[in-house]
Amino acid sequence: MSKIRFKAIAESAKRESNSIQEKGRRSALFCVNVFNAEKMLQYLTKDALESVQGAIFSGTKIDRKIADQVAEAMKGWAISMGATHYTHWFQPLTGSTAEKHDAFFDLLPDGTALEKFGGGQLVQQEPDASSFPSGGIRNTFEARGYTAWDPTSPAFIYGTTLCVPTVFVSYTGEALDNKAPLLRALHAVDEAATAVAKYFDKTVTKVNATLGWEQEYFLIDKALAFSRPDIILAGRTLVGHTAAKGQQLEDHYFGVIPGRVLSFMSDLEKECTKLGIPVKTRHNEVAPNQFELAPVFEEANLAVDHNLLLMDVMEKIADKHGFKVLFHEKPFADINGSGKHNNWSLATNTGVNLLSPGSTPMKNLQFLTFFVNTIKAVNTYEELLRSSIASASNDHRLGANEAPPAIFSVFVGTQLSRVLDELEGVSQGKLSPEEKTELKLNVVGKIPEILLDNTDRNRTSPFAFTGNKFEMRGVGSKTNCAKPMTILNTIVAKQLRDFKKEVDSLVDKKNLKKDEAIFNILREYIKTSKRIRFDGDGYSAEWEKEAKRRKLSNNKTTPEALKVLTSKESIELFRVTKVLSEVEVRARQEVELESYILHLQIEGRVLNELVYNHILPSSIEYQNKLIKNVMGLKDIYGAAHKKLTDGQLTIIEQIAEHLVEVKKLTDHMTDARKKANKLLDSTKKATAYCENVKPYFDQIRYHCDKLEQVVEDQIWPLTKYRELLFIK
Ligand code: ADP
Ligand code: MG
């Protein structure tokens, strides 16, 4: 048995046994629906197995004959599990996943069935992709997008369909999805980090980026959700007065999970376990009806797939339980929205977490190397990292004092700051033996002890070091983690490449020892990336001012944030790391802008409909009821009615005033939309939507919510916050 194979199977067994300890009975279900190492061992020939493992661990290509064998084996396993169809499961730029199902069987003219799923179907499929966003790369009339198997993410059975995770590329090889660039970024960071890790341990041959996401979401009753056109079409409430009770009592956070929700969660976890998603924690979140689910971290590509799969599974299981799950970043006003923290680190094939301090000074120098290089990378490319989490829906959260600001900074904590400050003072060039000993034993050597009691955490930081990983906190709950993970791994890859070049050149030219060279370069990095370090309150107004002084970007809206994607520096970064070509970058920017425009367009239309078809008519209905009442009282009491109708008249007037405003603002919004629609340039159009259309939303809402407060409950046509938000 090859070493690789043995390792893979052992790893899978280890995971299984961990999960047995953690999950008891559920472990028997772990990965039953996944074509993992264990199943491969059972179903694949020796050649095929080695070829697939080679593809997984070393990125070698799988030849067509082997692909045929693998397809045959996968099909055999899938059919034995009751699967009837297969699909290439991919991540178009829309942000979610797509699939096109084909039956395993073809009917022959004589009525007999022929099984169809060979290597050809496994490695390549043409999913008539003309209607997926491509940012102009692929002319729609050509309709040629291909999906191709990603062997590093195992196939799985979902329902009765065998799903094969794939990349999605154009006929000319450009990436049309979120997975292909992610795989390229992971490859780039593997190469760069392996080269640097070899300074410390020659046996390292591979470095994996790891990702542990934490998914926040809302659950609301399905029937009630369907009574709200805004929730169904825009994913969030566009109007709705706050309930008398929101999250102010903080009684929901870590509170008892309602029975109905618990039953949903346990079904969900069972399904996830079968699909190999290692879900671990679940709890209530801050807002009413808000929850969080987090798995054990995994290799980043797999973790991304698992998050996308999870969101899909959640929607289906929620449906069965009479719930609608909301992934929107801000479904309700005045209570917290949802995010998705991305915990990230780098792990070697020798089992070392490169962002975890070790027991020896050398191990800690390794930790410092990766730690400081990450900080430097974020410092150089802060604006690009911000762009990776930009979306119409996430704009509601960033900077709204419930999620980190739109300004990127790095939190390292007071103790590590002190270590960095001490390192900054290291003298340049050669180090005396005493200096070296002092550094290694008293500065670097002390890091683990320092970290042991370093418990201060800063929830307001967008990029925080949390002991053995960095946590990216501004990622939106709907966002495909592939986007931030592609950028983060790309910038770290580039940084590590530069670092290696600089260290090697100091060793060669200045005749420094390797560790001296490393200390020298790190010291420079600590100096030059100081502006990105911030441990204070990220929500404060002072920070905004201070960040401006430090020349950090503060792009509050998506059109602003996306600009940097096509800057000279960004294009160069993507080119040298081979993550995206210039054509691909431009296409991506175009797709993101387009998506922004479409989201605001839909919201504008829905709001228009809510105002004209729901809010105006019901407010008028109630107003008429009051008018009738006033006239009746006048009939009865004559001139004396005034005393009795004062209250009614005030409400009639209030309604009239708000009605006038709502109608006027809605019409202005529609005019602004029409004007914006005429613009051809996407950046200009997105900016017009952002600056000229979006501001109306809140103004219209203000008057609608005032109307909700005065109009009779029975007449008000929209389900209210208090009805939507308190599941028992
Ligand atoms: P919180 O943000 O709620 O305080 P934690 O800081 O405990 O949560 O985050 C735990 C998350 O970090 C988990 O999702 C876990 O999978 C992830 N995590 C832990 N170690 C790593 C690592 N080395 N690489 C990536 N993610 C990790
Ligand atoms: Mg977290």
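Computed from heavy atoms alone, side chains included, the values below leave out hydrogens, waters and symmetry copies. Note that ligands are numbered from 1 as they come in the structure, with each ligand's atoms numbered from 1 the same way.
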Do you know which of Glu216, Gln215, Glu292, Glu329 makes side chain to side chain donor-acceptor pair (under 3.5 Å) with Lys340?
Gln215
Is Glu214 touching ligand 1 with its side chain, its backbone, both, or neither, if touching means heavy atoms under 4.0 Å apart?
side chain
Record the part of Thr466 in heavy-atom contact with ligand 1 below 4.0 Å; permitted values are side chain, backbone, both and neither.
neither
Can you tell me which residue pairs pass the ring pair (Phe, Tyr, Trp, His ring centres under 6.0 Å) test with a partner in residues 179-212, sequence neighbours excluded?
none
Distance under 4.0 Å to a non-hydrogen atom of [X]: what atoms of ligand 1 satisfy this?
| X | result |
| --- | --- |
| Glu471 | 2 (O), 6 (O) |
| Val296 | 16 (O) |
| His341 | 2 (O) |

Min heavy-atom dist [X] to ligand 1 below 4.0 Å:
| X | answer |
| --- | --- |
| Asn353 | yes |
| Pro295 | yes |
| Glu299 | no |

So, is Glu292 polar-close to ligand 1, with some N/O to N/O distance under 3.5 Å?
no
Set of salt bridge (Lys or Arg N to Asp or Glu O under 4.0 Å) partners for Lys316, sequence neighbours left out
Asp312
Is Thr374 reaching over with its side chain to a backbone N or O of Phe370, donor-acceptor style, under 3.5 angstrom?
yes
Trp543 (side chain) donor-acceptor with Gly536 (main chain) under 3.5 angstrom:
no
Are Tyr158 and Trp89 near enough that their ring centres are under 6.0 Å apart?
no
Would you say the rings of Phe408 and Phe470 are close, in the sense that their centroids are separated by under 6.0 Å?
no
Given Phe297, Phe470, Trp344, identify the one with the heavy atom nearest to atom 21 (C) of ligand 1.
Phe297
